[in-house]
Every structure is written in structure tokens, then in C-alpha cells.
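Keep in mind the model is a prediction, meaning the values are calculated, not measured. We name chains A, B, ... by the order of the sequence lines, and we start the count at 1 in each one.
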Amino acid sequence: MTEIENRAKASAAVPQPDTVRMMEMQALLDRYPPDPRFALAVMQDMQRQFNYVPREGLLALSSRIGRSEAQLYSMATFYKALSIKPKGRHIIKLCDGTACHIRGSAHLVAAVERLLGIKPEETTTDGMFSLELVNCLGSCALAPVMVVDGRYYGKVSADQLRGILDECRAGEEERAAL
Amino acid sequence: MTRTIFVCCGTGCIANGSLAVADALRAALDETATAYGQGKAAATAGQAERREAAATAGIQVEALVKQTGCNGFCENGPIVKIMPDDISYYKVKPQDAAEIIDSLDKAPVERLLYKDRDGRSLRSQKENPFYAQQMKIVLRNIGEIDPAEIDDYLARGGYAALKKALAMQPAEIIAEVEKSGLRGRGGAGFPTGSKWRIAASYDDFPKYVVMNGDEGDPGAFMDRSILEGDPHCVLEGLAICALAVGAEQGFFYIRDEYGLALHQVQKAIADAGKAGILGNAIMGSEKKLHLEVVRGGGAFVCGESTALMASIEGRPGEPRAKYIRSVQRGLWDKPTVLNNVETLANIPFLILEGGAKFAEKGTANSKGTKVFALVGKVKRTGLIEVPMGVSLRHLIFDIGGGLLSDRPFKAVQTGGPSGGCIPAELLDLPVDFDTLTEKGAMMGSGGMIVMDDRDCMVEMARYYVNFLCGESCGKCTPCREGLRQLRNILTDITEGRGEPEDLQLMEEICDTMRDASLCALGKSAPNPVMTTLRYFREEYESHIRDKTCPAGHCPKLTAFRIDTDKCTGCGRCAGACPGGAISGAIKSPYRIDGSKCLACGVCRDLCRFEAAIAEKAGYEA
């Protein structure tokens, strides 16, 4: 089968992704009253659901609450919790709070760069991992702390880091094979 | 005897696996209960049913497992406490559960008890030096209740203060808070009573009350622990504040990263509403109060009052000039009281016991207690509460147990990025609002990061400036550009490109930022640089003049070698070296290949024989 046929088959099997996404987006907007003060909450929910704040989300929100797209864009780029570019499927959060910093978080940043070729706030080209340097997770007793997909790892060494990332990758390959 | 098994489920303990421990304890109880023919009810049903089943059964398994907030002793988590026997276990694993349940009517499980320096096992937290030297007002309920259960809070006298406040005139409440001398715990130390009095004086409605839970200082987790462990206490404090100033709407502004705290507060608001404590009739009175949670967007500057309010209103969190204070025109230009989490958590105690009793604790101008997060290179990392005015030495050495591996103390960083580094000669200073400020640092919200002789103070200043560079909102020039230039200069110094005139230049930039920045973030941003320049100037000079880092920390100025006389050839460093620079054969001295060495210092931190030595870069092994 040619690639074009493959694609045609795929698009026939599932509804147009855009429509699905717009429906999801609408459902998400409907969670809050149409008041500008919920703009941040809506965008946080978009970030959670889509891994970023999509342009069409900003537009939809803009017409709903009566704030210009530019104003919403300024929020989306101001708050660290929001991103206007898609993040990777697995988000590595390395804590660089002071306690983690003096217990060697910089070694972990260097290790991620060696292993994945990404610096903080970057995403691997295959879209698998994003690296975020976060300020403090308040788990200073476990410094240095790393959180991958919401799971906490304490007293992490560069050695363990490799294992944790491999596990992520293996999990994904397993799912792909199914 | 009915026992309660408390499992610490603060974020630190959860990260150490305490949820699995709680599940294992429930399962073990269930198994024992089944063995006694009691059925599954005891362990798998809700808490009320378990309690009932335990009460009716009348046998050895009358115990229930509760998940509490942070016990503070995070270093040794997960922590399990059994009451009323008052036995505390540390570093508990799920596989210990059966043994713990089995021991309930027998002797405690020896190996899980805390051992003091002489190796004595300590049963109770009261004997443990970490706890014994604390005084708990704010943290009094944490670890003793399940924060998700409003009944637990009520059983410990919760909402009695709100009831008392309902019978008082607003002016009486404010007078009591003023009498107590309570000052804002977020860092600035503004008298809470005065703030309330000013807000109450305006005849401009609606008014708002806001809790500031945007705890952004790295190395600080006091507010998170309070919200996670005793959310109703903060709720009660905010409700009393609303009564005093005449507000009917309140907001909890909480960092989005604090998932558990958000959840607990949301549940607490819902439960208090159902119980008739909040809502259209506070405890059946004619007073109203509606509360709402707002998630922060991950911006450090939102801890600043006007930025936080901008964020609640749905705008970027940029501060405004405060010609008019937010107590007069805050949220939507209406009078708004913003209080920190810990400040509000003091209110119920203060109202119940009276302002005079509260004022008995602490120093002349700083009353009550303060919660600190003691972290960094200290033996007992954790959350502690002590009366204002105790010395730094007491905090770090008596409660904290001294430095990791007994290395020499170098500095303690207080007050987060707006604070400063305090050297050993000032360790006997009392910790309160005013003393540390006089020394150029500040008590701040309560983060204390302990550093040893291997931490470089120049790098520390660079770290904080870099942090603030990323967090400066960019609205005013002194903060935005000043931080950027400071970062460039500090990076140059740590990488060996420093010039002698840099120090004076930095001082000039710091002065400008202090005088001309718009908000407190910018005005206090130079503190880490100013204090390190003041107390550790010779360290800057070594970096600039001799191109060495005395702490052996800055990679560009440091090289490592192995002392062949001390090396036992254990190979530990070789396995951990991220650059693969260390080679050798077991039981004979190892060697570092300078061309591969990243100068990260992992070998030095790991070596138990002090064989890995930092030297000035350029040394050829």
C-alpha cells in the first residue's frame, strides 16, 4: 500500500482531528463562566489537555471572554505554566531549587543534555521528551529531585537518570508494538 | 484500646512511597481483622465504617489508618505514628506493615524507631531532639489529623475561634490581632492587625480577602505543608479576617505545582460549606462568606501583592506602583486584605487564646512562632516551628543536628532570592524580622538553606540572580536590566573572566536596583549579591585575582586529582563519574584523566577517604 493510501485509510477511520479538538476545546471552555478572570484557568486546562495552548484555543477563548488575542497571548507567554509550543509526551521536571542546586541538580541537567541532546525548556526532535527546570518542588529532603510524568524520584544520580529515561522509552515502544 | 495509626502523606513522604505504606497497613489490618472473623469492613470501607467496625469488634484490631499532612521530619520518611501509644516509626516500607500491625499489643518494632546519636532507640517524638525543641502553634494539628476530614479538625477544637469571632464586634477582633503583635509571615512583616484595621476603615463594598499561597522561594515549603496538613485552620483564619474587615468573598491563590494542597483546600471549602460553616449563613448567623481557589500560573513575581491580584483578575502578573495600597484599592479596585498562609494559620489560636497570650511568645517586636524549612547540607532536613528569636545556631545544630558528614559550616541562606547568605560569625543572631534585616539578609518566609565549605558563594549569588532573571516580569528597567547585567558579570567571574573593577560595578548596579525598582522583588533582588560581597568578599577576589574557586565548585576554575596515598582503590568514584574520566584497578589507586574530567565534583562528594581533591584548574596530574 502506498503512503497516500495509508493516510486516506487512517483519515477515514477516525474523524478529522481538528473537529475532535475543537469539540474538546469547547467542552473545556464551557467549564468556566465567560468572564476574563477565568482566562488563566482555561489556558492551564488547555495546557494540561493538549500539552500546550494552541492558537485556535486562544482564538476561541478570545471571542468567548472578549479579550483580544494579543492580550491572551501576553498571558500565555508570561506564565511559566503555559507554553505556546507543543511539549514532549514525557515531561522531565528537574528541580533546581536551592537545596537541589547545592546537592547537584546541575549534574542532572548536564546528564540529560548528554543523553537526550536537549537543554532546559527544549523538546527532543521526536517529540518524546521535554526538559523543564523548575524552581522548587518543596521536597528538599529528597534533593536532588526529578519528576517524570508526575512521578517523583528522590536523591537521583546521573546513573539512575539513564535508567528512568530508558524505562520511559521502553514503555512507549511497548505501547507502539501493541 | 482503640488505636489510630497515622501515616504521613505530605509531599515528601509520598515521594518516598508513603501511600503504599498506608495501603499495606490497611491490608495488614484487614488480614488481621479477617483472622478475627471481623470481615472486610474494617480495612476497606470508609473511615466512619472502619471506626464503627473497630468499635463494635472489641478485639485486638481496633485500629484505623489515617493519612496526615507533613510531620516535618522529611529526611526520615515515610513516618508512621501510633497513638495513643505515641510510637513513631521512620523510613517505613510497605513490607514492614504486617510486623507493625502484629506489634500493636506488644513491644514496638525496634528497628524502625529513631536512633539518637548514642544509638538509643526513641519511641516518642517527644524524646526526639528534632521535635522536642520545637513549639507548635501553626503546626499543632499537622500529623495529628486527617486533613481531608473536617470531623478531625472539629474534634481538635476547630472552628471554635470562628464561633467566638462571630460573637465579637469586628473592631474587637482587630483589637485582639493588634494586641497579639502578629506580623505578616510572608516576609515583609507588616503588622497584620494594622492591615485589617485599614481595610475595615473603608466604606467601599464589596471587599475581598485573599490568601497568598504562591510560595515561590526555592527551598521553602512551609505554606505547602500547612495547606496540605491543616487546610481548615487556614480557612478558619481567612473567615475570621473576612468578618473583621467586612468581606463576603475570599480567594485562595495557590501555586499550580502544589497539587495536593489545591486538592485539600478545595475539599475543605466544599466540606465547610456542607457543614454550614461557610456560605450564605456562617455557622447559622447572618454573615456570608464565599471562598474560591485560584491556581497560580507559575510566576515567582505573583507572590507580590499587586501582581497576585492582577493574576486573579485574569491578566499577566505584573506589579503596579503602590501609590495607593491594595488594602484601599486591590482586587477590582476594592479594599482587599492579602495575608500569607502561615499568618492566617495563626489566627484561630490567637482569637481563642487571646492576643495577650500570643504576645507572650517571641521577641519584643516579633511575636509568636515561626515555621522554617530547614534544608540543604543539614542532617535533619525538615519543617520546624520555633518561637521567634531563637538563634540560627540552635536551629541548625540543635534541631537540625549539624551539617551532613560533619563538614564545616560555611553559610546559611535565609529568605530565598530576596534574602542573603549569613556567615558563621553571625550564627548566634536571634532569628526575627528585624535582626536579619539589619545584617542585610532577611528572615523572609522561612526557607533556610545550609551550606558547607564546598559551596561557592559566588556561584550561589549567580544562582539566585539567574533565578530572578527568569522571574523578573520585565516591567521596570532597573530590575530587568540590572539582573541581566549582574548575571553576566557573575558568570564571567565564575568562569575566570572576572576583572577587579567588577565588584564595584556590581555594587553600583545593586544600589540602583534597590532605589529604583518598582516592586519588592526588584528592590530585594540585589540582596544575595550584596550579602555575599559583604561577608565573602575574599572569595570573589580569589575568583578574580587568582582564578581559583576556594570551594572547588566552579568547574572552569577547578580540576580534580586523586591523592594516591589516601585512595583505597574502592572504585566508587569510577562507577559514578559522569565523564568516564576515572580509571584504575580495584584495590590500587585510581587516576583522573584531566582531558575527560568535567570538574563536577561527584568523586569528591562520594569519596569516603577524602582522596579526591579539588585543585586549581591547570594542574597536570
Stepwise side-chain contact (heavy atoms from CB on, under 4.5 Å) check, B:Arg224 with A:Ser139: CA-CA 10 Å; B:Arg224 195 207 65 204; A:Ser139 306; 4.3 Å; yes
The reported gap from OG1 in A:Thr98 to CZ in B:Phe467 (rounded to nearest 0.5 angstrom) is 7.5 Å
For chain B, which residues from residues 103-132 of chain A lie under 4.5 Å away (heavy-atom distances)? A:Arg103, A:His107, A:Arg114
Using non-hydrogen atoms only, which part of B:Val301 is less than 4.5 Å away from chain A: side chain, backbone, both, or neither? side chain
What part of B:Tyr464 lies closer than 4.5 angstrom to a heavy atom of chain A: side chain, backbone, both or neither? side chain
Where does B:Gln413 contact chain A at under 4.5 Å (heavy atoms): side chain, backbone, both or neither? neither
Less than 4.0 angstrom from a charged side-chain N to a carboxylate O is my criterion; do A:Lys93 and B:Glu257 meet it? no
Chain B contact via A:Asp96 - which portion, at a heavy-atom distance below 4.5 Å: both
Can you tell me which portion of A:Asn135 sits under 4.5 Å from chain B's heavy atoms? Options are side chain, backbone, both or neither. both
Less than 4.5 Å to any heavy atom of chain A: does that hold for the side chain of B:Arg295, its backbone, both, or neither? both
Contact part of B:Asn76 toward chain A, heavy-atom cut-off under 4.5 Å: side chain, backbone, both or neither? neither
So which part of B:Leu598 gets closer than 4.5 Å to some heavy atom of chain A, the side chain, the backbone, both or neither? side chain
Heavy-atom distance under 4.5 Å between the side chains of A:Gln71 and B:Arg315, does that happen here? no
Under 4.5 Å from any heavy atom of chain A, what part of B:Ser311 do you find: side chain, backbone, both or neither? both
For the CZ atom of B:Phe221 and the SG atom of A:Cys140, what is their distance to the nearest 0.5 Å? 5.0 Å
Chain A heavy atoms under 4.5 Å from B:Cys473: which part of the residue, side chain, backbone, both or neither? both
Under a 4.5 Å heavy-atom cut-off, does chain A meet the side chain of B:Arg255, its backbone, both or neither? side chain
Do you know the tightest heavy-atom contact between A:Leu142 and B:Ala15? CD1-CB, 3.2 Å
Looking at B:Gly317, B:Ala299, B:Ala373, B:Gly77, which has the largest count of heavy-atom pairs under 4.5 Å with chain A? B:Gly317
Contact class of B:Leu383 relative to chain A, heavy atoms under 4.5 angstrom: neither
Please check if atom OH in A:Tyr73 has more than 12 non-hydrogen atoms from other residues, nucleotides or ligands closer than 6.0 Å. no
What are the two closest heavy atoms between B:Pro218 and A:Gly97, and how far apart are they? CB-CA, 3.6 Å
So that I can tick it off, tell me whether B:Asp256 and A:Arg48 are bridged by a salt bridge, with the cut-off set at under 4.0 angstrom between side-chain N and carboxylate O. yes
Answer key: most heavy-atom pairs under 4.5 Å with chain A among B:Val378, B:Asp605, B:Asp455 is B:Asp455
In terms of heavy-atom pairs under 4.5 Å, which option from B:Cys302, B:Gly474, B:Gly297 contacts chain A the most? B:Gly297
Checking heavy atoms, do the side chain of A:Leu40, its backbone, both or neither come under 4.5 Å from chain B? side chain
Heavy-atom contact with chain A under 4.5 Å, split by part of B:Glu292: side chain
Could you go through A:Lys155 and B:Glu75, starting from their C-alpha distance and side-chain angles, then the distance that decides it, and tell me whether this counts as salt bridge (Lys or Arg N to Asp or Glu O under 4.0 Å)? CA-CA 11 Å; A:Lys155 302 195 174 168; B:Glu75 187 79 40; 3.2 Å; yes
More than 12 heavy atoms of other residues, nucleotides or ligands under 6.0 Å from CZ of A:Arg55: yes or no? no
Counting only non-hydrogen atoms closer than 4.5 Å, does B:Ala220 touch chain A with its backbone (N, CA, C, O), its side chain (CB onward), both, or neither? backbone
Considering all heavy atoms, the nearest A:Cys136-B:Asp217 contact: CB-O, 4.3 Å
Given heavy-atom pairs under 4.5 angstrom as the criterion, report whether the side chain, backbone, both or neither of B:Met222 touches chain A. neither
With side chains defined as the heavy atoms from C-beta onward, is the minimum distance between B:Phe300 and A:Lys80 less than 4.5 Å? no
Any residues in residues 444-452 of chain B near chain A, with a heavy-atom distance under 4.5 Å, and which are they? B:Ile449, B:Val450, B:Met451
Let me know if A:Arg67 has heavy atoms under 4.5 Å from chain B in its side chain, its backbone, both or neither. side chain
Are any non-hydrogen side-chain atoms of A:Leu137 and B:Thr11 less than 4.5 angstrom apart? no
Is there a side-chain contact between A:Arg37 and B:Trp332 in this structure, where contact means two heavy atoms from C-beta onward sitting under 4.5 Å apart? yes
If I measure from the heavy atoms of chain B, does A:Ser157 come under 4.5 Å with its side chain, its backbone, both, or neither? neither
In terms of heavy-atom proximity below 4.5 Å to chain B, should A:Phe38 be classed as side chain, backbone, both, or neither? side chain
In short, A:Phe78 meets B:Pro316 closest at the heavy-atom pair CG-CB, 3.9 Å
